[in-house]
Amino acid sequence: MAWSPGVRSGHHEDMTGRRPDARCPLRPDQPCTLCQLDVTGPQDCPLVYLVMTDDELRAGTRQAANSRRALAPATRARSASSSPA
């Protein structure tokens with residue numbers, strides 16, 4: 001599936017009528033910080049556009065996200081076993 005601006009752009013409202021915070025596709029665990037001038041979110045961010053339209057950069061981003069996900073259960077297990085009961 002090709003990436004296009006507006007995909008997962010955070011324009012859906014939840015049951016309370018609030019818009020969810022837009023997530024940065026390049027830093028999945030962080031919200032969009034509007035780090036580029038004249039940007040309203042990931043949907044019109046030039047850096048996100050460049051990464052998502054370049055096959056190698058998009059694959060690297062996906063690989064980094066998969067690595068973080070693979071490490072996450074081990075990190076949670078270690079912190080749960082070391083916390084006081």
Side-chain angles (χ1 to χ4, degrees):
M1 177 175 144
W3 184 85
S4 63
V7 174
R8 291 196 277 172
S9 61
H11 288 282
H12 301 288
E13 294 181 357
D14 64 9
M15 298 297 280
T16 63
R18 288 185 317 117
R19 283 186 165 176
D21 293 331
R23 293 283 176 201
C24 178
L26 307 179
R27 297 169 304 189
D29 299 337
Q30 299 178 16
C32 175
T33 59
L34 304 175
C35 58
Q36 298 286 321
L37 186 61
D38 296 330
V39 171
T40 60
Q43 69 276 7
D44 61 358
C45 177
L47 181 59
V48 170
Y49 175 78
L50 287 173
V51 170
M52 295 302 179
T53 56
D54 183 279
D55 293 335
E56 288 182 38
L57 289 174
R58 189 175 60 241
T61 301
R62 187 178 306 127
Q63 184 179 15
N66 290 340
S67 296
R68 278 192 301 274
R69 279 190 217 110
L71 293 175
T75 304
R76 275 188 248 128
R78 271 196 308 260
S79 65
S81 65
S82 65
S83 64

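Side-chain atoms are counted along with the backbone in the values below, which use heavy atoms only and exclude waters and symmetry mates. One is the number of the first residue; the rest follow in order along the sequence. All values reported here derive from a predicted model rather than from experimental measurement.
Judged by distance alone, the side chain of Asp54 and the main-chain N or O of Leu50 form no donor-acceptor pair under 3.5 Å.
Checked against side-chain hydrogen bond (donor to acceptor under 3.5 Å, both in side chains), Asp38 has no partners two or more places apart in sequence or in another chain. Qualifying side chain to side chain contact (heavy atoms under 4.5 Å, CB included) partners for Ala64, counting only residues two or more places apart in sequence or in other chains: Arg68. Asp29 pairs by the side-chain hydrogen bond (donor to acceptor under 3.5 Å, both in side chains) definition with nothing, not counting sequence neighbours. For Ser67, there are no side chain to side chain contact (heavy atoms under 4.5 Å, CB included) partners, not counting sequence neighbours. Shown here are the salt bridge (Lys or Arg N to Asp or Glu O under 4.0 Å) partners of Asp55, two or more places apart in sequence or in another chain: Arg58.
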For this session: Just do the side-chain contact (heavy atoms from CB on, under 4.5 Å) check on Asp44 and Gln36 with the steps written out, would you?
Result: CA-CA 10 Å; Asp44 61 358; Gln36 298 286 321; over 6 Å; no
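Between Pro31 and Arg23, some side-chain heavy-atom pair lies under the 4.5 Å cut-off.
Chaining together hydrophobic side chains whose heavy atoms lie under 4.5 Å apart places Val39 alongside Leu34.
Between Pro25 and Val48 the shortest heavy-atom distance is CG-CG1, 3.8 Å.
The CE atom of Met52 sits 9.5 Å away from atom CG of Leu47, with the distance rounded to the nearest 0.5 Å.
Few gaps surround CD on Gln30; more than 12 heavy atoms of other groups in view lie less than 6.0 Å from it.
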